[in-house]
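Following: one structure in structure tokens, then a few remarks.
Position 1 is the first residue of the sequence, and the numbers go up from there.
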Amino acid sequence: MAVVVVRPEPGHAATIAALRTAGLEARSLPFFATRAVDWTPPDPATIDALLFTSAQALRLAGPGLETLSARPVVAVGPATADAARAAGLSVVLTGTKDAAAVVAQARAMGLTRLLHLAGRERVETGAAVRTVYAADPLPVSAEAVATLAGDIVLLHSARAARRLAELVDASPAPRASIALVAISAKVAEAAGPGWAALAIANLPRDAAMVAAARALTRTAATGISGA
């Protein structure tokens with residue numbers, strides 16, 4: 001049973017490496033490719049904090065981010081917070097659930113003028129937005145999707161979950177032949193019902209997703225050995 005990574009680079013390679021370090025068979029089938037988008041930063045005096053709901057925005061924001069580097073950061077989760085610190089930014093709040101929850105926390109702290117540096121497809125947060133990157137769909141053949149039968153797919157975003165469901169429903173592989181690990185309950189919800197198994201990471205981090213995938217492979221092995 002392989003664990004299939006569909007997220008774009010640069011996180012794609014990191015997840016593949018983490019799975020292999022954990023002794024799992026990792027397979028690559030990226031659904032999207034990311035690219036930077038030209039954008040113009042606002043006057044830093046008009047915002048209280050930067051909101052990041054994806055580490056991709058930090059990696060692809062480019063020189064415009066330097067203009068805003070003195071602003072504190074509100075990060076949706078630990079991985080995004082780590083990326084912000086690596087970029088030399090100061091993180092004042094790290095969420096543990098989702099974008100809506102961390103925005104509510106930020107506003108309770110008095111950080112009402114948030115600037116969301118985000119992807120073209122994104123969760124709406126009610127904050128001001130600058131689009132700094134796009135994730136374009138890559139071609140995925142029905143034959144490639146059919147090979148997912150018997151495997152586990154890691155889902156890092158709701159968009160990937162929805163695309164997986166569309167691709168599988170158009171392929172010979174039934175949903176009931178594919179297991180999923182989702183980074184959050186909302187991502188799991190986006191995938192819809194009918195999968196062979198569904199696990200949700202207990203934290204929105206790669207390490208938690210790898211642990212959940214390992215548990216699924218052990219459960220599958222136990223089922224086979226007991227059959």
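- Linking Ile, Leu, Val, Met, Phe, Trp and Tyr residues whenever their side-chain heavy atoms come within less than 4.5 Å leaves Val103 and Val76 in two separate clusters.
- Within the 4.5 Å cutoff, no side-chain heavy atoms of Leu115 are placed close to those of Leu51.
- Looking at heavy atoms from C-beta onward, His156 lies in side-chain contact with Thr15 at the 4.5 angstrom threshold.
- You'll find the side chain of Leu60 stays beyond 4.5 Å of the side chain of Arg35, heavy atoms only.
- Look at Arg130 and Asp38 and you find no salt bridge, because none of the NZ, NE, NH1 or NH2 atoms lies under 4.0 Å from a carboxylate O.
- The number of heavy-atom neighbours closer than 6.0 Å to CD of Glu189, taken from other residues, nucleotides and ligands shown, is 12 or below.
- Side-chain atoms of Thr147 and Arg27, non-hydrogen and from C-beta on, do get closer than 4.5 Å to each other.
- Taken to the nearest 0.5 Å, the NE2 atom of His12 stands 8.0 Å off from the CG atom of Leu29.
- For the residue pair Thr34 and Arg59, no side-chain donor N or O sits within less than 3.5 Å of a side-chain acceptor on the partner.
- Residues Val74 and Thr94 form no side-chain contact, since every pair of their non-hydrogen atoms from C-beta on lies 4.5 Å or further apart.
- In this structure, the side chains of Thr67 and Pro44 come closer than 4.5 Å at one or more pairs of heavy atoms.
- When the side chains of ILVMFWY residues are joined at heavy-atom separations under 4.5 Å, either directly or via intervening members, Leu111 and Val129 end up in two distinct hydrophobic clusters.
- A distance of 10.0 Å separates CG in Leu180 from CG in Leu148, rounded to the nearest 0.5 Å.
- Under the 4.5 Å side-chain contact rule for hydrophobic residues, Ile200 and Leu203 do not share a cluster.
- Remark: Arg122 is not positioned above the aromatic ring of Tyr133, lacking an NZ or CZ atom under 6.0 angstrom from the ring centre and at most 45 degrees off the axis.
- Cluster membership for Val123 and Leu155, using ILVMFWY side-chain heavy atoms within less than 4.5 angstrom, is not shared.
- The only member of Val153, Ile152, Val168 that meets side-chain contact (heavy atoms from CB on, under 4.5 Å) when paired with Trp195 is Val168.
- Atom CG of Leu117 and atom OG1 of Thr53 lie 9.5 Å apart (nearest 0.5 Å).
- Between Asp48 and Arg107, none of the side-chain N atoms (NZ, or NE/NH1/NH2) sits under 4.0 Å from a carboxylate O, so this pair counts as no salt bridge.
- Contact check for Val140 versus Arg163: side-chain heavy atoms found under the 4.5 Å cut-off.
- At least one side-chain heavy atom of Met109 sits less than 4.5 Å from a side-chain heavy atom of Leu93.
- Rounding to the nearest 0.5 Å places CG of Leu24 at 9.0 Å from CG of Leu154.
- Note that OG1 of Thr219 is 9.0 Å distant from CE of Met1, once rounded to the nearest 0.5 Å.
- Residues Ile178 and Val187 are members of one and the same hydrophobic cluster, defined by side-chain heavy-atom contacts under 4.5 angstrom among Ile, Leu, Val, Met, Phe, Trp and Tyr.
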